[in-house]
Amino acid sequence: MDRLEVKRLKFYITTPIYYVNSEPHVGSAYTTIIADIIARYKRMMNYKVFFLTGTDEHGQKVFQAARAAGKDPQQFCDELAQKFEQLWKKLQITNDGFIRTTDPKHMAVVQYFVKKMLENGDVYKGVYEGWYCVPCESYWSEEELGPNHTCPSCGREVKFIEEENYFFRLSKYRDALLEHYKKHPEFVQPDFRRNEMIKILESGLKDLSITRTTFSWGVPMPDDPKHVIYVWVDALINYVSAIGYPTDPERFNEYWPADLHLIGKEINRFHSIIWPAMLMSVGLPLPKTVFAHGWLTVDGQKISKSLGNAIDPKYFVDRYGNDVLRFYLVREIVFGKDGDFSEKGLVNRLNSDLANDYGNLLHRTLAMLEKHFGSSIPEPGPFERGDENFVQQVLDRVEQYLTQMDNYQLTDAVETVMATLALGNKYFDERKPWLLAKQGEMKKLGTVLYNVCETVKKVAIMFYPIMPNSSQEVLRRLGEETQPNAQHLRQWKTLRSGQKIVHGAPLFQKVELKSEQRESKKPVPSEVQLLDINEFRKVDLRVARVLSAERIKGSEKLLKLSIDLGELGTRQIVAGIAKYYEPEQLVGKCIVVVANLKPAKLMGVESQGMLLAAHDNDQVKLITVDGGAAPGSKIS
RNA sequence: GGCGGUGUAGCUCAGAUGGUCAGAGCGAGUGAUUCAUAAUCACUAUGUCGUGGGUUCGAGUCCCACCGCCGCCA
């Protein structure tokens, strides 16, 4: 039953291979970090893991990006691929393989794969006619297009093209795919993504054009080299080419089928429909699970190059360290859903979860061990009922954690570990070891501190996949082997009494965000100017009653109003509404004004404020207060 | 346009099959405590559970309509 005892199981996990038309950003880092967490967890649980990532280097977009950079495409790819590899190294990603689609070995496999599909009668030659978006490398039907023949996905202009293509008989696999979905509810996760895919299948599939002739940066079609294989087909095959298909069947069979394709939601269709159909075509088993995670926003906004808010993960690693970044990503962003990334949120988590709840529990415990037990793990005395209860609760949490991790409920699992820490802190407070020390109750004191140490040890192990560095440090301080031993999770008294502990500096240093860092780091371009609430609060909006109104001589637009602003007194304002309102219509009206506007002179008349009105085409309508309100009332 | 989801305390969200379901965490306030990184622990709060109807003895929980947001497809 216990998977730790039986023979080693394998676990093959992949990230998407990243498109090298730009440098890596938090989005790709997020996927890769999550994959790394799962890979580390599985290794810790004694699985034989193969963790694959890599780069997708073919296609017109890459070719154009290379040209724009004035570089040879291969050289361009080499440089970018290296940047990805460097980043993964920096993020302490433990991938076992790194595949590049321009690797001749991979390219040969792509040709082999497609040839096999062809031989199986699933690829045929046809003519494609229609609209094509170069940047998206996607074909669109007439009805799908946006206004003025633009790409419905990116909004840019599309080109009408007509070309002879090879097609994949995707439609043929609809029923088989539906059948598979029915039989394997875990195939696509989360479940709402699965339902989306089922809907697509139910509405029918069209055959897929899988070659291009308009450019040559890609894998040539076997025996027809003027055709280049569609980047997506090329890319997907990486999952099998990287583990030895078809040249090293022993290795391939050891790992295939993949246990988990971790992807972003935007590429779900490729992984959950097209890829499985391709596999069916060549007769390979399907991956166990495709998990599509959500998207990150940054400070509440979509990540995009044009917004310039694509965050560089290196900044956060340098500033806060890998553990904190990784922790924050799983803790804050519910795995599977969209979530927001902000420096402020990260610092909050660092300070309260890590420094206070985690680091401090360790720190206060080690401090007492240093003072009362000569810096060594004490001998636990007899357990009282409170101790027994506590131990049981911690062990329950451990079980919960294991279940959640096994089900890829990463955020829940982190919460469970946090709950374990809360138990530890609470136990500590209830047992009041500082009092026991004063009273000379050394046996009881030993029990309490021992139990807390054992709890922190479990936390360190549970956190290891997420925060490997701090976990190893905690284990070291407890006098343990730094390599986490998952078998210690389910037992108690795994710490040997007498072993030396190291008190050391606090595990996590708190960080104070400077005020300017609290705001969004990058300026937002004008088209999507978003206002911080504090900015808005600067505007002093008030209700005012119009006391009198008259035209200003020589102006056909301006009226001079005298208004009652309650506590702010009576003021004179000038408003450009003479074309739409007669002065006498205004008297007595309850209007809205900006009360803290710098005074200005219009046509020689001073205006001490500004009234609000709606501009509806060529109409102007005053903003009034529903039912009226006392002059001077604040508006917010 | 079709399909699906969602709208619950200031924020993030839990709330099978209708009857302690009005909740948790964070934030805020009060108290306790001093082993500890002004950490920790306890207690407290505001909510017309998107809006309007309906079914029912009884509805965040079911039905209908509407509004808002999101996703997939077209």
Side-chain angles (χ1 to χ4, degrees), chain A residues 140-146 152-153 188 190-206 264-270 272-273 292-295 297 300 302 328 331-342 344-373 378 390 409 411-412 414-419 421-439 441 444-446 448-449 452-453 456 470 477 503-512 533 537 636:
Chain A
W140 304 103
S141 64
E142 187 81 36
E143 315 86 69
E144 287 171 326
L145 293 180
S153 161
V188 177
D191 56 347
F192 58 94
R193 297 285 166 217
R194 172 174 185 264
N195 293 338
E196 288 174 359
M197 293 304 115
I198 290 176
K199 279 272 142 48
I200 292 176
L201 288 172
E202 284 172 346
S203 67
L205 295 177
K206 276 191 278 188
K265 65 181 183 180
E266 73 282 3
I267 53 176
N268 194 206
R269 202 153 52 103
F270 294 99
S272 298
I273 292 179
H293 71 240
W295 281 353
T297 53
K302 244 173 126 167
Y328 174 66
R331 164 96 236 224
E332 192 85 356
I333 291 140
V334 179
F335 185 50
K337 298 190 182 173
D338 293 349
D340 188 53
F341 182 102
S342 72
K344 191 179 164 192
L346 181 143
V347 168
N348 274 344
R349 289 305 187 183
L350 164 61
N351 289 347
S352 65
D353 288 352
L354 296 180
N356 293 347
D357 294 347
Y358 185 19
N360 188 52
L361 177 60
L362 176 71
H363 203 247
R364 67 202 296 210
T365 307
L366 295 182
M368 293 205 80
L369 290 182
E370 189 176 51
K371 200 185 283 181
H372 302 291
F373 291 94
F390 169 68
Q409 298 170 299
T411 306
D412 297 323
V414 174
E415 252 173 65
T416 299
V417 183
M418 290 313 302
L421 285 166
L423 283 173
N425 274 314
K426 188 181 166 130
Y427 174 72
F428 199 110
D429 274 31
E430 281 173 350
R431 300 308 306 265
K432 299 186 184 10
W434 60 93
L435 256 185
L436 295 174
K438 268 188 199 148
Q439 295 161 350
E441 297 264 23
K444 283 189 182 180
L445 178 61
V448 172
L449 295 180
V452 175
C453 285
V456 174
S470 54
R477 298 222 188 154
H503 185 187
L507 196 59
F508 295 96
Q509 210 52 251
K510 286 207 236 181
V511 171
E512 181 91 29
I533 183 75
R537 287 202 184 109
S636 59

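Naming: A, B, ... by sequence-line order, numbering from 1 per chain. On a predicted model such as this, the values are computed, not experimentally measured, just so you know.
- For B:C66, the paired base is B:G50 (Watson-Crick or G-U wobble, both distances below 3.5 Å).
- Across all strands shown, A:Leu507 has heavy atoms under 4.0 Å from base atoms, whether or not it also approaches the sugar-phosphate.
- Using a 4.5 Å heavy-atom cutoff, the side chains of A:Ser272 and A:Ile200 are not in contact.
- A:Arg349 has its CZ atom 24 Å from the P atom of B:U37, to the nearest Å.
- For the pair A:Asp357 CG and B:A39 C1', the interatomic distance rounds to 9 Å; values are reported in whole Å.
- A 3.5 Å limit on both hydrogen-bonding distances identifies B:G29 as the Watson-Crick or G-U partner of B:C43.
- When each of A:Glu266 and A:Lys438 is assigned the nucleotide of RNA chain B with its nearest heavy atom, A:Lys438 is the one assigned upstream, toward the 5' end.
- Within the shown strands, B:G2 is the pairing partner of B:C72 under the Watson-Crick or G-U definition, both distances less than 3.5 Å.
- As rounded to whole Å, 15 Å separates atom P of B:G2 from atom NZ of A:Lys199.
- Look at the C1' atom in both B:G18 and B:C63: the space between them is 13 Å, to the nearest Å.
- For B:U55, there is no paired base (Watson-Crick or G-U wobble, both distances below 3.5 Å).
- In this structure the side chain of A:Lys444 never reaches within 4.5 angstrom of the side chain of A:Gln439, judged on heavy atoms.
- As rounded to whole Å, 12 Å separates atom P of B:A38 from atom CG of A:Asn351.
- B:A24 is paired with B:U12 under the criterion used here, namely a Watson-Crick or G-U wobble arrangement in which both key atom distances are under 3.5 Å.
- Taking atom P on both B:G50 and B:A9, the two are 8 Å apart, rounded to the nearest angstrom.
- At B:U40, one or more side-chain N or O atoms of A:Asn356 fall inside 4.0 Å of OP1 or OP2 (strictly under the cut-off).
- Taking only side-chain atoms of A:Lys371, from C-beta outward, the nucleotide of B:C35, B:C73, B:C41 with the closest atom is B:C35.
- Contact check for A:Pro378 versus A:Leu445: no side-chain heavy atoms found under the 4.5 Å cut-off.
- Straight-line distance between the P atoms of B:U44 and B:A22: roughly 16 Å, to the nearest whole Å.
- Of the candidates B:A36, B:C41, B:U37, the closest approach to any side-chain atom of A:Phe508 belongs to B:U37.
- Minimum heavy-atom separation, A:Gly359 to A:Leu507: CA-CB, 3.9 Å.
- Put simply, A:Arg364 has no side-chain N or O that comes within less than 4.0 Å of OP1 or OP2 on B:U34.
- Considering only side-chain atoms of A:Trp434, the nucleotide from B:U40, B:A39, B:U34 that sits closest is B:U34.
- Considering only side-chain N and O atoms, A:Lys265 lies nowhere under 4.0 angstrom from the phosphate OP1 or OP2 of B:G71.
- Using atom C1' as the reference point in both B:U55 and B:U46, the two lie 32 Å apart (nearest Å).
- Going from atom CD of A:Glu512 over to atom C1' of B:A39 covers 15 Å, rounded to whole Å.
- B:G68 has its base anti relative to the sugar, with a glycosidic angle deviating from 0 by more than 90°.
- Classification of A:Glu196 and A:Lys199 as a salt-bridged pair fails, no side-chain N sitting under 4.0 Å from a carboxylate O.
- Here, B:G19 and B:U61 have their P atoms 12 Å apart, quoted to the whole Å.
- For B:G4 and B:C11, the P atoms lie 30 Å apart once the distance is rounded to whole Å.
- When distances are taken from the side chain of A:Glu196 to each of B:C72, B:C13, B:C41, the shortest belongs to B:C72.
- Counting any heavy atom pair closer than 4.0 Å across all strands shown, A:Asn425 reaches sugar-phosphate atoms only and no base atom.
- For A:Pro506, counting side-chain heavy atoms from C-beta on, the closest listed nucleotide (B:C35, B:C41, B:U37) is B:U37.
- Following rounding to the nearest Å, A:Glu430 (CD) and B:A42 (C1') show an atom-to-atom distance of 10 Å.
- Counting heavy atoms from C-beta outward, A:Ile273 and A:Leu201 have side chains that approach closer than 4.5 Å.
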For this session: Report the C-alpha separation of A:Glu415 and A:Arg331 in whole Å, then their side-chain angles, then the decisive distance to 0.1 Å, and conclude whether the side chain to side chain contact (heavy atoms under 4.5 Å, CB included) test is met.
Result: CA-CA 7 Å; A:Glu415 252 173 65; A:Arg331 164 96 236 224; 3.5 Å; yes
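- Using a 4.5 Å heavy-atom cutoff, the side chains of A:Leu366 and A:His363 are not in contact.
- Considering only the side chain of A:Asn360, B:U37 comes nearest among B:C41, B:U37, B:C35.
- Mapping A:Arg193 and A:Phe428 onto RNA chain B via the closest heavy atom, the residue that lands nearer the 5' end is A:Phe428.
- Nearest nucleotide to the A:Ala355 side chain, out of B:C35, B:A14, B:U37: B:U37.
- Comparing B:C3 with B:G58, their C1' atoms are spaced 34 Å from each other, to the whole Å.
- One finds a side-chain N or O of A:Lys510 lying less than 4.0 angstrom from the OP1 or OP2 phosphate oxygen of B:A39.
- Distance, A:Leu354 CG to B:C26 P: 14 Å, rounded to whole Å.
- Taking atom C1' on both nucleotides, B:C35 is separated from B:C41 by 13 Å, rounded to a whole Å.
- Separating the CD atom of A:Glu415 from the C1' atom of B:G25 is a distance of 7 Å, rounded to the nearest angstrom.
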